[in-house]
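For reference, the structure is listed below as structure tokens.
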2 protein chains.
Amino acid sequence: MSTAEETGGENMPWGEVTPDAARRLLIAAVEAFAERGYHATTTRDIAGRAGMSPAALYIHYKTKEELLHKISTIGHTKALAILESAADGPGSAADRLVEAVRSFVVWHAGQATTARVVQYELDALGEEHRAEVVLLRRRCDAAVRRILSDGVDAGEFEVPDVSGTTLAVLSLCIDVARWFSLDGRWTPDEVGAMYADLVLRMVGAGAPGPQN
Amino acid sequence: MSTAEETGGENMPWGEVTPDAARRLLIAAVEAFAERGYHATTTRDIAGRAGMSPAALYIHYKTKEELLHKISTIGHTKALAILESAADGPGSAADRLVEAVRSFVVWHAGQATTARVVQYELDALGEEHRAEVVLLRRRCDAAVRRILSDGVDAGEFEVPDVSGTTLAVLSLCIDVARWFSLDGRWTPDEVGAMYADLVLRMVGAGAPGPQN
DNA sequence: GCTGGGGGTGAGCAAGCGCTTAGGGTTGGG
DNA sequence: CCCAACCCTAAGCGCTTGCTCACCCCCAGC
């Protein structure tokens, strides 16, 4: 876990999707959805990007919405794993918060294309599929809240409103996917480090001074 | 300026749009775009919400995109006025930062429907119209940056990266439009106050302790 | 009471949409 | 050498889209 951080900490982002043709279609869909949004993307565009005819899509996926569902589920699962791994990891609450924010932000920056779809196309999912994904989101919220509560209990943090701060921290990190890489001014690691510092300050555990 | 804060500080959000029929269409479009997104909204839906036939829309607007452009321009102008008013107002850098974040967030929460369209449907605009709006966005960025720079120069703030922190502050505030009012747990004023406090902490001017 | 014109409608066009179906090329087992 | 299983495509179906056009209604001015 060192050089691959630039891709958000993943070596093979969609390695779990098989067969190969299905993966190519899914990657094409991620790019198209991220660029133009779900509703503005046509199945012909997705198939075209994958080098196939429009009909080929329906051999591997029942509908266009199933593609979004698969992308959203895999993406949210990955994001949740990052947060829970940090929340349940070793170290003080401050250590865990830094690691959570850092790795979560690195993923949203390094995998900005995927993250944009995952975070901003939720409403395009059907009723049932959206409900599934909302459950994963709640667990993301719970992981961050757990760290903040622990920090408050331990006297490490000074936070007047744990729920509100949880929301603000997640909101701040998620929005990275919207603006990242408009130019190449920062690397994912740099944004991750900066945001970890900002969030530490938000919970009253910041170190105004130490970092050069 | 007291009770009307719940609507984001505006008495008559679209009062500048005339004649009446054009305003009704525009308000219908804002609601539809906010609910389903620009691309998923049909001109029939907009006209229907305004109580008119599909053809009536084209008496007042040339295209569906012109509607979005009008909404986006008016909305961004309003948001920019809020930030510049705070940035160029009286008081210390900390005072101005608090006022900027507070009023900006109150608007994004109170006018969440409008703000969602303004902040998240930018890419749906045509090339030229988007370029216009991007200029307004840059001025928003400049206003916040001005406050932060002043605070650093005056020794009030301790901020390692002014550009990055400017981005983070704006990102945090803008994202309020995405999540606000999923339930009614906070009022716009409450979110505004909480966010102003969080941002003060981010710039190293927070007061961990004072507020109960 | 007639009239002219601005605000509105019903019907519909061309284009593009998600998705289906009949059929063709390639490959591995007998 | 055949053939069946597997992927994929060309063509196109039924529908919806943004938008247009011929027409109508209502009301102020003479």
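Labels below follow one simple rule: chain letters A, B, ... track the order of the sequence lines, proteins then strands, and each chain is numbered from 1.
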Exercise. To the nearest Å, give me how far apart CZ (A:Arg24) and P (D:dC7) are.
Key: 13 Å
Self-check item: Whole angstrom value for the distance that separates P of C:dC19 from CD of A:Glu66
Solution: 10 Å
Quiz item: With no angle test and no hydrogens, is the base of C:dG16 tied to the side chain of A:Arg44 by a donor-acceptor pair under 3.5 Å?
Solution: no
Quiz item: Tell me: CG of B:Asp45 to P of D:dT16, nearest whole Å?
Solution: 14 Å
Quiz item: Judged by atom type as modelled, is there a donor-acceptor pair below 3.5 Å linking the side chain of B:Arg116 to the main-chain atoms of B:Ala177?
Solution: yes
Self-check item: Residue mapping more 5' on DNA chain C - nearest nucleotide basis, B:Ala55 or B:Pro19
Solution: B:Pro19
Practice problem: Quick one: sort the B:Trp179 and B:Tyr195 rings into parallel, tilted or perpendicular, breaks at 30° and 60°. | Solution: tilted
Quiz item: Could you state the CG-C1' distance from B:Leu25 to C:dG7, rounded to the nearest angstrom?
Solution: 12 Å
Quiz prompt | Carboxylate-amine/guanidinium contact B:Arg201 B:Asp197, below 4.0 Å | solution = yes
Quiz item: Which one, C:dT9, C:dC19, D:dT9, comes nearest to the side chain of A:Tyr58?
Solution: C:dC19
Exercise. Round to the nearest Å and state the distance from A:His39 atom NE2 to D:dT16 atom C1'.
Key: 14 Å
Quiz item: After noting the C-alpha distance and the side-chain angles of B:Asp45 and B:Arg36, does the key distance pass the salt bridge (Lys or Arg N to Asp or Glu O under 4.0 Å) rule?
Solution: CA-CA 11 Å; B:Asp45 182 26; B:Arg36 306 137 92 110; 3.7 Å; yes
Quiz prompt | Presence of A:Ser53 side-chain N/O under 4.0 Å of D:dC8 phosphate oxygens OP1/OP2 | solution = no
Quiz item: Which listed nucleotide (C:dG18, D:dC21, D:dG18) is nearest to the side chain of B:Lys64?
Solution: D:dG18
Practice problem: Starting from C1' on D:dA10, measure out to CE on A:Met52 and report it in whole angstrom. | Solution: 17 Å
Quiz prompt | Rounded distance (Å) that lies between atom P of C:dG7 and atom CD1 of B:Ile59 | solution = 8 Å
Quiz item: Given C:dG8, D:dC7, C:dG18, which nucleotide is nearest the side-chain atoms of B:His60?
Solution: C:dG8
Practice problem: Could you tell me whether A:Arg24 and A:Asp20 make a salt bridge, using a distance below 4.0 angstrom between a side-chain N and a carboxylate O? | Solution: yes
Exercise. Give the rounded distance in Å between these two atoms: CG of A:Leu57 and P of C:dT21.
Key: 16 Å
